[in-house]
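These numbers come from the heavy atoms of this one structure, side chains and all, not from hydrogens, waters or symmetry mates. Letters go in sequence order (proteins before strands), and every chain restarts at 1. Bear in mind the structure is a predicted one, so any value in this text is a computation, not a measurement.
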Amino acid sequence: PVPAPCNPSHFMKGAIIQLATGELKRVEDLQTQDFVRSAEVSGGLKIDSSMVVDIRASQQRPGLVSLHFNVGEQQSKVTIDVPPEHPFFVFGQGWSSCSPERTAQLYGLACHHLQVGDVCVSITLQQQLQPQQQKQPQ
Amino acid sequence: VPVFPWHSLVPFLAPTQSD
């Protein structure tokens with residue numbers, strides 16, 4: 001069999017995913033709550049809500065799609081270039097990609113069509129809070 | 001059978017610091 005290095009096999013239908021709770025699920029059976037729970041019990045990782053604000057063809061890398069996100073409470077602007085078949089997990093909706101047809105061909109994973117306004121699950125490092133400064137009496 | 005960690009499925013979107 002020819003390996004397909006560009007297609008990470010964790011998105012293949014039937015791939016076994018371990019949640020932070022230790023539970024094993026197939027990638028196609030994952031629910032929003034699985035990501036939320038996993039982030040809660042895993043130290044150091046935090047779930048962010050990342051809203052898709054723009055989708056366009058990548059200028060730098062032909063064949064890829066530039067996805068523009070507003071990330072987290074800060075609404076930080078982040079752009080990533082991905083192949084059109086790359087699936088994202090949309091809150092309350094599930095797997096979605098820019099090309100559900102290609103995702104189905106390459107991974108066998110059923111996807112919705114990713115659109116502007118969709119809110120995707122993303123992760124970031126939990127903010128390491130500085131020790132509270134003691135309030136010195138003046 | 002390979003087992004993948006849940007966090008490999010979702011993008012790591014670190015806000016870029018602009019200062």
Side-chain angles (χ1 to χ4, degrees), chain A residues 8-12 14-28 30 32 34-39 41-42 44-52 67-82 86-91 95 109 120-125 127, chain B:
Chain A
S9 48
H10 49 266
F11 289 126
M12 293 292 285
I16 305 296
I17 307 301
Q18 182 162 39
L19 306 181
T21 55
E23 192 183 349
L24 299 176
K25 279 199 165 188
R26 291 191 185 89
V27 62
E28 66 270 23
L30 291 171
T32 303
D34 294 324
F35 291 101
V36 174
R37 281 281 299 141
S38 283
V41 303
S42 71
L45 289 178
K46 180 168 82 77
I47 291 278
D48 266 336
S49 302
S50 296
M51 182 183 281
V52 180
L67 292 175
H68 298 248
F69 291 100
N70 281 356
V71 179
E73 293 170 6
Q74 310 291 326
Q75 297 284 285
S76 311
K77 296 188 186 315
V78 177
T79 301
I80 55 173
D81 286 354
V82 294
H86 188 94
F88 291 86
F89 201 90
V90 173
F91 280 94
W95 293 114
L109 186 67
C120 299
V121 173
S122 70
I123 50 173
T124 186
L125 287 180
Q127 203 74 31
Chain B
V1 177
V3 176
F4 301 95
W6 69 275
H7 52 77
S8 67
L9 297 173
V10 285
F12 183 87
L13 297 182
T16 47
Q17 296 292 330
S18 56
D19 51 2

For the residue pair A:I47 and B:W6, what are the closest heavy atoms and their distance?
CD1-CZ3, 4.1 Å
If you look at every heavy atom in A:T124 and B:A14, which pair is closest and at what distance?
OG1-CA, 4.3 Å
For a quick test of reading the model, state the closest non-hydrogen atom pair linking B:L13 to A:V78 and the distance between them.
CD2-CG1, 3.9 Å
Engaged part of A:F69 at the chain B interface, taking heavy atoms whose separation is under 4.5 Å:
side chain
A:L45, part contacting chain B, at a heavy-atom distance under 4.5 Å
side chain
Among A:F89, A:W95, A:F88, which residue meets the side-chain contact (heavy atoms from CB on, under 4.5 Å) test with B:L9?
A:W95
Under 4.5 Å to a heavy atom of chain B? For A:S122 that would be both
Provide the closest heavy-atom pair for B:P5 versus A:I17 in the form atom of the first, atom of the second, distance.
C-CG2, 4.2 Å
By a 4.5 Å heavy-atom criterion (distance strictly below it), what part of A:V82 contacts chain B: side chain, backbone, both, or neither?
neither
